[in-house]
Amino acid sequence: LPVAVTGTQRVFRLDCLWRRPVVSLVIGEPFHLPQGVKALGKGHLEKCTDLIMRRIAPLLPPERQGQYSGEEK
């Protein structure tokens, strides 16, 4: 279940004593990783991490997507 949380960088600033910061939580569509990930080694785990991050990135504002914005490789 991909989840993106934004706005937490404002939670511990001093101005939050006077104004509540806005924290956003966006939940994406559930998905499954390929079967047998642990048995396939580090290279496959890195591909799965990339897949997870590419599912989370669209849930974030464009300026927070980083290298995971755009089309899947």
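Numbers for residues simply follow the sequence, beginning at 1.
Taking CD from Gln67 and CE from Met53, the interatomic distance works out to 8.0 Å, rounded to the nearest 0.5 Å. For the atom pair Ile56 CD1 and Arg64 CZ, the distance stands at 14.5 Å (nearest 0.5 Å). To the nearest 0.5 Å, the span separating OG1 on Thr8 from CG on Leu25 amounts to 11.0 Å.
Of all heavy-atom pairs between Gln65 and Pro58, the closest is NE2-CA, 3.9 Å. Taking all atoms of both residues into account, the shortest heavy-atom contact from Ser69 to Arg54 is O-NH1, 4.1 Å.
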Checklist line | Residues Val5, Val23; criterion side-chain contact (heavy atoms from CB on, under 4.5 Å); working and verdict | finding: CA-CA 7 Å; Val5 181; Val23 176; 4.0 Å; yes
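Within the 4.5 Å cutoff, side-chain heavy atoms of Thr6 are placed close to those of Leu60. Taking 4.5 Å as the limit, some side-chain heavy atom of Phe31 sits within range of a side-chain heavy atom of Leu51. The shortest side-chain heavy-atom distance between Ile27 and Leu59 does not fall under the 4.5 Å cut-off.
Taking a 6.0 Å sphere around CD of Glu63, one finds it holds more than 12 heavy atoms contributed by other residues, nucleotides or ligands.
When atom types are taken as modelled, the side chain of Thr49 and the backbone of Leu45 share a donor-acceptor pair closer than 3.5 angstrom.
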